[in-house]
Structures are given as structure tokens and as C-alpha cells.
Amino acid sequence: MAHDLSSVRADFPVLAELIDGKPLVYLDSANTSQKPHAVIDAMSCFLEHSYGPTNRSAYRLAADATDAYEGARVKVARFVNAAKPHEIVFTKNATESLNLVARAWGSTNLSSGDAIVLTHMEHHANIVPWQMMAAERGFEIRWVPLTADGLLDLTDLDRLLDGAKALSFTAMSNVLGTINPVRELCAAAHAHGAIAVVDGCQSVPHMPTDVREWDADFVAFSSHKMVGPSGIGLLWGRESLLESMPPFLGGGSMISDVRLDGFECAELPAKFEAGTQPIVEAVGLGAAVDYLSALGMDNVRAHEVALTVEALDKLKGRFGDDIEIHGSPDASVRGATISFAFRDVHPHDVSQVLDQHNVCVRAGHHCAKPLMRLLGANATVRASFYLYNTSDEIDTLCDALGETAEFFSA
Amino acid sequence: MAHDLSSVRADFPVLAELIDGKPLVYLDSANTSQKPHAVIDAMSCFLEHSYGPTNRSAYRLAADATDAYEGARVKVARFVNAAKPHEIVFTKNATESLNLVARAWGSTNLSSGDAIVLTHMEHHANIVPWQMMAAERGFEIRWVPLTADGLLDLTDLDRLLDGAKALSFTAMSNVLGTINPVRELCAAAHAHGAIAVVDGCQSVPHMPTDVREWDADFVAFSSHKMVGPSGIGLLWGRESLLESMPPFLGGGSMISDVRLDGFECAELPAKFEAGTQPIVEAVGLGAAVDYLSALGMDNVRAHEVALTVEALDKLKGRFGDDIEIHGSPDASVRGATISFAFRDVHPHDVSQVLDQHNVCVRAGHHCAKPLMRLLGANATVRASFYLYNTSDEIDTLCDALGETAEFFSA
Amino acid sequence: MPGLEDLYREIILDHYKNPRNRGHLDAPAVSAKGHNPLCGDEIEVFVLVEDGRVADVRISGQGCSISQSSASMMSAAIKGKTVEEVRALVSRFRHMMSIEEEGPAPDTTVALGDLEALQGVVKFPVRIKCAVLAWNTLTEALSNT
Amino acid sequence: MPGLEDLYREIILDHYKNPRNRGHLDAPAVSAKGHNPLCGDEIEVFVLVEDGRVADVRISGQGCSISQSSASMMSAAIKGKTVEEVRALVSRFRHMMSIEEEGPAPDTTVALGDLEALQGVVKFPVRIKCAVLAWNTLTEALSNT
Ligand SMILES: Cc1ncc(COP(=O)(O)O)c(C=O)c1O
Ligand SMILES: Cc1ncc(COP(=O)(O)O)c(C=O)c1O
């Protein structure tokens with residue numbers, strides 16, 4: 001494995017928790033990740049010694065808090081290779097980021113007769129905001145289908161993009177683990193005069209990100225999935241687009257003037273950051289980005305590829321036809337998120353037995369109901385691995401599944 | 001004073017900070033408040049031992065995190081005497097809460113020919129969201145004027161409310177400190193068939209709140225101003241209204257079903273909580289509400305009234321005509337937020353000299369530009385007191401102002 | 001932590017594997033759909049009420065062992081009962097599941113029969129929603145009569 | 001922490017109390033508005049360029065001692081200079097204020113004169129925005145020629 005796993009694990013206090021005397025096996029990081037000491041301590045230290053308002057007051061405490069908050073923006077900008085820090089907008093979660101794009105960009109660019117393109121593997125966060133706008137403005141939503149292996153089926157992409165104004169897609173499926181060819185998709189969108197909106201929620205925490213190399217127009221992602229705190233999300237946007245858009249939420253800080261008869265917007269990024277911001281959360285996110293950068297995102301990816309190969313091997317090897325793993329068997333085009341059906345045991349019951357062994361997996365529709373319908377399932381079991389997971393944990397998962405099989409065949 | 005101030009102060013670690021060997025005098029709580037150990041520790045303890053996803057996964061760690069998150073909702077509901085916990089919606093800040101009301105309620109209730117009523121003392125957060133909707137839908141915004149004392153001038157209220165669909169107003173001005181007659185205003189709105197939206201940002205942290213006694217329809221407030229963490233805001237809404245409204249942000253958790261051709265909303269409160277929520281922040285907010293409840297909001301208010309009387313006396317007594325204090329001189333109709341002009345020294349320069357004495361005040365327009373125009377000022381100095389402030393700090397403020405006078409007359 | 005046997009009693013697994021009263025009913029039967037947002041389970045309950053009695057009941061949909069067996073046992077328990085008896089049973093069942101109920105305490109003389117097997121679910125709070133899904137859906141269906 | 005004297009040099013207070021070149025100019029003069037969102041300061045800069053030289057300059061608006069004195073000193077410094085000289089001065093001033101500039105290092109032979117007094121502002125980072133407000137606004141006005 002590409003990094004020193006035992007020292008990494010020691011960084012995450014919750015991984016040392018024992019429940020009923022047994023260690024926690026946290027395999028739900030695609031849902032939300034655990035946090036290292038560095039993040040937790042940065043937040044409590046800031047709260048104890050340095051908390052103050054940002055971008056509003058002028059005394060030193062406030063100025064230092066502002067520097068901490070804006071410093072986090074610079075760190076995030078570097079982490080995804082944004083051209084300018086003010087192309088990074090802090091939101092509350094990736095869902096808000098995608099709503100921001102759908103509404104603020106959409107309201108000046110989409111109307112009846114227009115079309116946008118989504119894919120069959122999108123998370124609800126990249127579907128519902130567009131459906132809400134479509135219901136209001138009457139544009140068409142087209143869908144990129146999937147191959148049997150759970151990859152995007154790009155055969156008809158040109159036809160789908162013909163006349164479309166936007167292509168919005170996930171860089172990595174939160175159900176299938178599929179890694180999509182982001183750069184090619186952005187290029188295809190641009191070739192048709194559409195913008196490319198990337199849902200980076202599942203990819204940014206797990207592999208290096210370069211928004212300029214992608215040549216994307218917007219990328220949404222969340223702090224809580226990349227070892228950062230809850231309560232803060234991210235939107236990277238191309239400067240020219242962010243500048244051309246109307247604001248999203250109205251209120252303090254996003255204005256340069258307010259009169260009884262109207263208001264003027266502030267400059268980027270304030271324009272999209274109305275009200276008191278997630279200050280402590282930005283500080284924690286800054287620490288998270290430092291933590292990931294120190295590990296090296298290439299190493300994180302290498303570690304996860306190794307885990308994926310091993311997990312797929314062991315699961316298939318041990319359970320054969322009793323397990324149906326969704327998505328591609330090729331670890332080079334997938335992340336460490338493994339969804340599966342296990343015999344005829346309902347996912348909720350699988351997760352129950354696994355929980356008895358402290359193995360935390362998600363059972364459900366994973367906020368991707370259109371994809372679930374395609375898979376012909378109401379729910380799947382999903383085990384998702386991250387930088388702190390180990391080979392041993394794969395074994396524990398397999399053993400717990402073994403017991404599940406036994407229990408439900410008895 | 002109504003509570004044990006030295007033990008209260010010991011609860012707030014940042015108040016023990018020394019800068020240049022001198023204590024911090026934090027008089028900017030109307031902007032954002034400091035946090036007690038109880039809140040900081042609840043957050044770090046949760047992050048170290050119990051962090052997990054809420055309302056998504058079924059294993060015990062996730063179930064316990066969900067209980068902690070939903071438990072915070074119950075605490076907040078009790079704190080403001082809501083009829084049901086699901087009338088409390090978690091947002092990112094009060095600004096989002098007000099945008100939610102303006103857009104989700106407004107989009108089905110306001111169109112061309114309609115009118116809403118705001119007041120001249122509103123924060124931008126209670127102006128700009130309505131202006132954005134008005135620009136889109138062409139309804140009229142009417143304004144309640146102010147008296148010379150900085151109270152609402154209700155002489156023409158009936159005329160203003162005639163035919164109006166909503167009255168949206170602050171319970172307490174963040175500039176003048178004015179406490180508005182919320183119950184009377186709600187009744188007046190209802191008498192005209194309008195809903196009453198209350199911006200509780202400045203009142204909820206400082207005095208007892210009873211949304212049912214007010215008979216309000218919506219109340220927005222923020223965690224970070226009531227000793228809770230940043231990154232989480234609150235909206236209380238009357239159940240029937242919340243149920244009748246379309247959703248605000250779209251995404252995971254706010255749906256009960258998503259198909260390619262549309263979606264169905266989830267029940268309250270999930271309907272308005274799209275995406276991964278501020279989980280840790282809710283836990284911190286729960287601890288903040290416990291902290292305030294233990295102190296007793298009546299005691300908090302009594303403490304602040306005493307500080308206000310003393311501060312007004314001392315400032316006027318010492319500086320006479322050199323200081324112009326905005327708003328009412330009557331502490332029974334105002335909170336402990338004191339905005340003033342000091343001789344002809346620009347507020348920014350006043351705050352600079354005060355900062356030299358570690359006295360933290362805000363200088364600026366306080367996100368209330370229409371009010372500033374009415375006051376004929378670009379900016380004011382604002383000292384705002386909270387449950388942890390002391391008489392001594394009033395003296396330090398006065399001494400620092402004395403030096404300001406000396407410095408700028410030299 | 002309570003063991004799996006507390007949750008998965010034999011009779012539960014039996015109802016899960018051999019669900020009673022599967023299918024659907026046409027009008028004049030009433031019906032309602034329920035779903036559990038946590039795990040995606042969906043259920044549809046059909047009830048035919050004749051002369052104030054449940055003349056027939058059918059369940060369709062998918063779900064986990066707890067929600068399916070609870071639905072199956074419920075269907076067996078209510079068939080032939082008067083609507084009033086059914087309501088008393090629903091109240092008694094919800095009470096056993098420690099779901100807060102407003103109003104008076106339920107009539108403990110109402111027999112739960114096989115349904116007692118679901119008592120173990122209470123030790124697994126997340127699963128309570130699974131166990132009551134069919135019951136809430138039934139209540140909704142009956143409100144359509 | 002640096003003392004107040006580092007910030008409020010005598011010449012700064014003098015320019016604050018007795019601002020030079022207050023007022024406004026009509027077309028063909030160009031103008032621009034600037035504002036500091038932190039403290040609400042607003043400024044308007046009017047420049048009359050004739051034959052490539054700043055023939056006249058006026059400042060209006062309100063602000064703190066730093067923004068007002070910086071504007072006043074700026075107005076005194078640029079009057080009569082060629083537009084090219086003005087641009088060099090702007091660059092030199094922004095450099096002194098340690099605002100990152102892209103491109104080549106500024107020409108340090110450009111004399112700052114009285115403006116040197118504003119050097120102390122750098123020790124008070126929040127006030128840098130006040131000091132450069134007039135200069136940014138001037139640059140915007142000149143871009144309108
Ligand atoms: C009266 C009032 N309303 C609304 C707000 C906005 O609150 P927030 O910044 O937490 O969104 C504030 C504080 O900034 C306020 O004082
Ligand atoms: C692919 C994908 N998109 C969007 C989201 C939404 O992110 P958040 O819940 O942080 O808003 C998630 C995670 O829930 C996700 O996995």
C-alpha cells in the first residue's frame with residue numbers, strides 16, 4: 001500500500017472506538033468520511049482562541065479570522081488547481097453548489113425549447129435541482145444511458161448533446177464506483193456549445209483533481225466526504241461564468257449596495273456567499289486539504305486501487321454467484337465503492353448482520369433512484385473504502401457476509 | 001446582575017485570551033457570539049467518538065448520529081416553543097432561512113400586482129431575497145418608516161398592510177437595538193390576511209422566544225449568534241405553511257421518489273433539508289441551546305438590560321454631545337446593541353483606536369444600508385453586549401473612547 | 001448489544017419467506033402506498049371493507065425481512081376483524097413499538113398473537129420504521145374508506 | 001502591536017483634516033466610483049486628461065482618515081503628471097502597500113514623496129484596503145479614457 005496505514009489510522013480517533021469490545025469497521029466513506037485529529041483540533045483550537053467574524057469587522061481578531069477563512073479558500077483552489085482563489089465559492093454542501101449552478105446559471109440560460117443532458121448514474125443532487133428548474137422553465141432533460149458494465153454509454157452522446165446547453169455529470173458514481181472520462185466529456189460538451197458541470201463529490205476526495213486540465217466549467221464537491229467537517233461545500237466555477245451569473249441567495253456580504261429600490265452585487269466570491277459563512281468549517285476544511293495534500297492524492301488513489309482489486313477478488317472468490325457486484329470489474333475505471341446484492345437477503349438485513357460485527361455499510365437507494373430502477377433493485381448494499389481502510393477490514397467484511405449467508409439460510 | 005458572571009466568563013475560553021498582554025473585550029456579539037466550552041467540547045467529542053451520517057444509513061453509529069442530530073431539533077423546538085419538532089428546519093444561516101421563505105413561499109404566493117411590507121430597519125438578509133423575487137415576479141415592496149427615536153412608526157401600518165400578502169420584519173434591530181412589538185405586528189398582518197415573517201436573529205439569542213405566543217408564521221434565526229457554531233441556521237415555520245410550500249433546494253433526502261420525469265417531496269422537515277446536513281453543527285447547537293436554557297433567557301435579558309442602562313449612562317455622562325447614540329434611550333424597548341457616532345472621527349478610525357485596547361467593536365454599515373441612509377451616515381460604531389460582558393468592559397470601552405478623542409484632537 | 005435472534009425470531013423469518021396475502025385488490029377495495037426513505041422499501045396495502053369488516057387484504061411491494069414479515073402478520077391478523085378492532089390493534093402494535101401515540105393508552109386486552117414476535121425490534125430502533133411501515137400504510141388506506 | 005503613531009502620521013491627519021482637490025469635474029473628465037465593502041466607505045475620482053497629462057483631478061465621497069488622506073495625497077501627487085507617470089506611481093504605491101502585482105517589479109526610481117507616510121499602513125493589514133481604495137478607483141477612471 002502506498003502510504004503508512006497504521007500512522008494514518010492513528011490520525012482518526014473514531015477508528016480506535018470499540019463497540020461491544022470490537023473495533024469499528026467503517027466502510028461508509030462514500031456517504032461521509034471520518035475526520036483526523038488535525039481537522040478536529042484545528043476547529044476546536046480556532047473556537048477556543050481565535051473565533052471571530054469574517055469580512056465584516058476590522059479589529060485584529062476579526063482580521064485574523066478573515067485570513068483563516070480566506071486562507072482555506074486559497075488551499076482549496078490549489079488543491080483542485082483553480083486559476084484563482086475567488087473561483088472557489090463556499091456553500092453548505094455539494095447539493096447547494098449544484099442548486100446554485102442550476103438556478104443562477106440556469107435562470108439566464110435555460111428556457112422552453114432548450115435542453116440539458118444528465119446521465120442515468122446521477123445522484124439526486126444532480127437531478128432534482130435541474131428538474132425543479134425544468135418544471136419552472138420548460139426545458140428538456142436528456143439522459144446518457146449506461147452499458148451493462150455500469151459505464152456511460154457514449155454511443156449517442158453527439159445526438160444527445162445536439163442543441164443542448166449543458167452536460168452535467170458525476171466524475172465518479174456513488175453507487176457503481178464508475179470513474180467517468182471527465183476531460184473527454186467536457187470536450188464533447190464544449191464541441192456542442194454546452195457547458196460542462198461536474199459533480200466531483202466522489203472523485204475529489206479520492207484522486208488528484210485538476211479543474212483546468214479537465215477544462216470543466218463548474219465542479220461541485222463536499223468537505224465532509226474528504227476528511228473535512230460537515231456544514232461546508234464547495235463550488236469551483238470558471239471566473240467568466242461566475243461573473244456573468246445573477247446571484248443565488250440574497251443578503252449580507254453579497255451586495256455592494258442596497259437601496260429601497262434594488263441592490264448591486266459584490267465582487268466574486270462574496271457575490272455567492274450571502275450571510276455569515278461556515279467560518280469554523282472553512283478552517284477545518286483547510287486542515288483537511290493540508291492533510292490530504294501531505295498524504296498525496298496519488299497515494300490515496302493507489303491505496304484505494306489496491307483495496308478495490310483485493311475486495312473484488314475476495315468477495316467474488318468467496319461468494320461466487322451468491323454475490324452480484326454492480327459496476328465494472330476493472331479497478332482502473334472504478335473507485336473503491338462497491339455496491340452489491342447478496343443472495344436473496346434484503347440489503348437492510350445484510351447491513352443488520354454486518355452491524356452486529358461493527359461493519360458499517362450503507363443499505364438503500366444511495367440517493368440514486370433512477371439508477372436503482374435500471375439495476376432492477378430497490379436497494380443495494382454498499383461498502384465504500386477510503387484512505388484509512390485496510391486489508392483486514394476486507395476480511396472482516398467477508399466474514400460478516402459469511403455469517404449473513406449462514407443466518408438467513410438456516 | 002442576574003447570573004454568576006465570573007463563572008459564565010470562565011465558560012468561554014476566548015475571553016481568557018490576552019493580546020499584547022491585555023484581555024480581549026469582545027463587544028461584537030450582535031455580529032457573531034463567542035462559544036462556551038460546552039459547545040466546543042460537544043463538537044469535538046462527537047467528531048472523535050460518534051461522527052456518522054444522519055438519516056441515511058442504518059448501522060448503530062449512523063443511528064446514534066441521527067439521534068443526536070434530531071435531538072438538536074427537539075431542543076431548538078422547545079427553546080422557541082414550537083408546536084412540533086418538524087416545524088424546525090435546519091439551514092446554513094438565517095440568510096438561507098429568509099431566502100427559503102421568500103422563494104419557496106413567495107413563488108406560490110407573490111406575483112405582479114401583489115405587495116409585501118418590510119421596514120426601514122431591516123438587515124440586508126431580510127431585504128435582498130425579497131428584492132430578488134420582486135425583480136422576477138413584479139410585486140411591490142412597501143416600507144414601514146421609523147420615528148426619530150428609531151422605533152417603527154406604525155401610524156400608517158394599516159394603509160401599508162392593505163392588500164399586502166406578507167409583513168416581514170426584524171424582532172430586534174441589529175443597528176439600533178430597537179425591540180419591535182412582534183405580537184402586535186403579527187396580529188396586524190393577520191388582520192389584513194398577510195403572513196408574518198419574523199427575523200429573530202437579534203432577539204432569539206437575547207430574550208425568551210415563544211413563536212406561538214407571537215402567533216408568527218415564520219421565524220428565522222442563526223446558531224452562531226446564540227453561542228452555537230457557525231454553519232447552521234434555523235427556520236421555524238407554521239406546519240401548514242411549510243407543508244403547502246414547494247421545496248427550496250433539490251437533492252438527496254428531500255425526496256420520497258425520483259424518476260426520470262420528476263420527483264416527489266419527502267415529509268417535513270426532510271423536504272427542506274437537501275443533501276448532507278450540518279451534522280456536527282447541529283450537535284454543537286444542541287449544546288448551545290442547553291447552555292442558554294440552563295442560564296435562563298430571562299436572566300440573560302435582565303443582565304443585558306442592566307448593561308444597557310449602565311452603558312448608555314456612562315457613555316452619555318462622559319462624552320455628552322461628543323457622542324450621538326442612535327435609537328431609543330429607553331432600555332426597556334431596546335437590546336444591548338449600541339450604535340453611535342463619535343465626534344467627527346470616522347467609525348473605522350474609532351474602531352482602530354479601540355482595537356489598540358483590544359476592544360472589539362464593528363464599524364460599518366452593519367448590512368443595513370437603507371437604515372444607514374436614513375441615519376445620514378455611511379457607517380456607525382457599534383458596541384454590542386452579550387451574556388458574558390461586564391461593567392468593567394463598559395469602562396474599558398469608555399476609556400478607549402476617551403483616548404480616541406484625545407488622539408484625534410491632538 | 002442484543003443478539004440477532006432477538007430481532008429475527010423464527011416466525012418472522014417464516015412470514016418473510018412465505019408471505020401471506022400477497023397481491024392486490026381492485027375497487028371497491030381501498031389502498032395506500034408507503035415507503036421508508038431510509039432504505040427505499042416500498043409497500044402497497046389493499047383493504048376491502050364490507051359491512052364494517054375487513055373482508056380481504058392484500059400486500060404488494062418490496063422490503064426487508066422486518067417490513068415484509070410485519071406486513072404479512074398484519075394481513076393475517078386483521079382479516080375478518082371490524083374496522084374498530086383493527087384500529088385498536090394498530091394502536092396496540094404502535095404502542096408495542098414504542099412509537100409515541102397521542103390520546104389514551106391502548107387497550108391491552110387486544111390480543112397481539114404472532115405479532116408479539118416483533119417485540120424484539122424495539123431493541124433495534126432503526127428497524128422500528130420497518131416494522132410499522134405496513135401499519136401506517138394500512139391506517140392511511142382505511143382513512144380512504 | 002505597532003503603535004497608532006505608525007499608522008496615523010502627522011501628514012496623514014493633515015490631509016484628512018484638510019483634504020486637497022475635493023469636488024467633482026464634468027465631462028470630458030472621466031470618473032469612477034469605488035467602495036470598501038468592509039466599512040461602507042465610498043469614493044469618486046474625477047480625472048481630466050489633456051494631451052496625455054492629468055490636467056485636473058477631484059475627489060468626492062466619504063471615508064476614514066486613511067482612505068481620505070490617501071486620496072488627497074494621491075490627487076496632489078498626480079496632478080500634472082503624464083498618464084504613463086501616473087501608472088508607474090500607482091504600481092509603485094500598490095507595491096509599497098504589498099498588494100500582489102503581476103508583471104515586472106515597479107520602478108523604484110518613481111518618487112513617492114509625502115505618500116511614504118502611508119507606509120505604516122502595511123502593519124495594519126485591514127487598513128490596506130482603505131489606503132488603496134482611491135488608487136484602484138483612479139485606475140478604473142483612467143481605463144475609461
Ligand atoms: C437582524 C439580522 N438579520 C439577519 C442576519 C443574517 O444572519 P446570518 O448572517 O447568520 O445569515 C443578521 C446577522 O448578520 C441580523 O443581525
Ligand atoms: C455523487 C454525489 N453527488 C452529490 C452528493 C451530495 O453531496 P452533499 O450531500 O454533500 O450535498 C453526493 C453525496 O451525498 C454524492 O455522492
Side-chain angles (χ1 to χ4, degrees), chain A residues 17-24 28 31 123-124 128 174-175 339 341-382 399-410, chain C residues 1-19 22 33-45 59-73 97 117-137:
Chain A
E17 285 292 300
L18 299 180
I19 305 186
D20 293 337
K22 286 177 294 184
L24 190 72
D28 199 17
N31 194 339
H123 186 280
H124 295 160
V128 181
N174 67 315
V175 177
S339 282
F342 189 68
R343 306 170 104 225
D344 56 353
V345 187
H346 188 278
H348 212 162
D349 291 313
V350 175
S351 114
Q352 185 76 55
V353 181
L354 266 47
D355 187 26
Q356 212 76 7
H357 296 264
N358 291 348
V359 177
C360 305
V361 297
R362 182 166 171 189
H365 55 62
H366 315 296
C367 303
K369 284 209 157 203
L371 174 58
M372 298 312 281
R373 288 213 173 82
L374 218 61
L375 298 178
N378 257 357
T380 72
V381 184
R382 182 186 71 183
D399 292 346
L401 281 173
E403 281 211 23
T404 311
E406 240 168 76
F407 189 86
F408 280 95
S409 65
Chain C
M1 183 190 185
L4 286 177
E5 314 69 37
D6 294 312
L7 182 63
Y8 297 115
R9 303 276 171 81
E10 213 164 297
I11 187 156
I12 293 180
L13 294 178
D14 174 53
H15 273 271
Y16 178 41
K17 287 174 190 157
N18 311 295
R22 291 285 298 178
K33 280 186 189 175
H35 101 289
N36 182 343
L38 193 65
C39 51
D41 284 359
E42 286 167 349
I43 204 169
E44 192 158 6
V45 174
I59 311 282
S60 71
Q62 300 177 13
C64 68
S65 59
I66 303 300
S67 74
Q68 291 290 294
S69 63
S70 181
S72 170
M73 290 192 232
M97 288 292 120
L118 285 163
Q119 192 144 30
V121 173
V122 178
K123 296 183 197 157
F124 299 79
V126 177
R127 306 304 289 274
I128 292 175
K129 278 191 190 153
C130 307
V132 297
L133 178 61
W135 299 78
N136 292 344
T137 312

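Convention: sequence-line order gives letters A, B, ...; per-chain numbering from 1.
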Which one wins on heavy-atom pair count under 4.5 Å against chain C: A/N378, A/I19, A/V350, A/V345? A/N378
Less than 3.5 Å apart, any donor N or O on the side chain of C/N36 or A/H348 sitting next to an acceptor on the other? no
To the nearest 0.5 Å, tell me how far C/Y8 OH sits from A/Q352 CD. 4.5 Å
Scored by heavy-atom pairs under 4.5 Å with chain A, the best of C/E42, C/E5, C/R127 is C/R127
Heavy atoms from other residues, nucleotides or ligands near CG of A/D344 exceed 12 (cutoff 6.0 Å): no
Looking at C/K129, I'd like to know if its NZ atom is crowded, meaning that more than 12 non-hydrogen atoms belonging to other residues, nucleotides or ligands lie closer than 6.0 Å. no
Non-hydrogen atoms of chain A under 4.5 Å away: do they reach the side chain of C/E10, the backbone, both or neither? neither
Qualifying residue, where the test is side-chain contact (heavy atoms from CB on, under 4.5 Å) with C/L4 and the options are A/D355, A/D349, A/T404, A/V353: A/V353
Between C/K17 and A/F408 the two heavy atoms that sit nearest each other are NZ-O, 3.3 Å
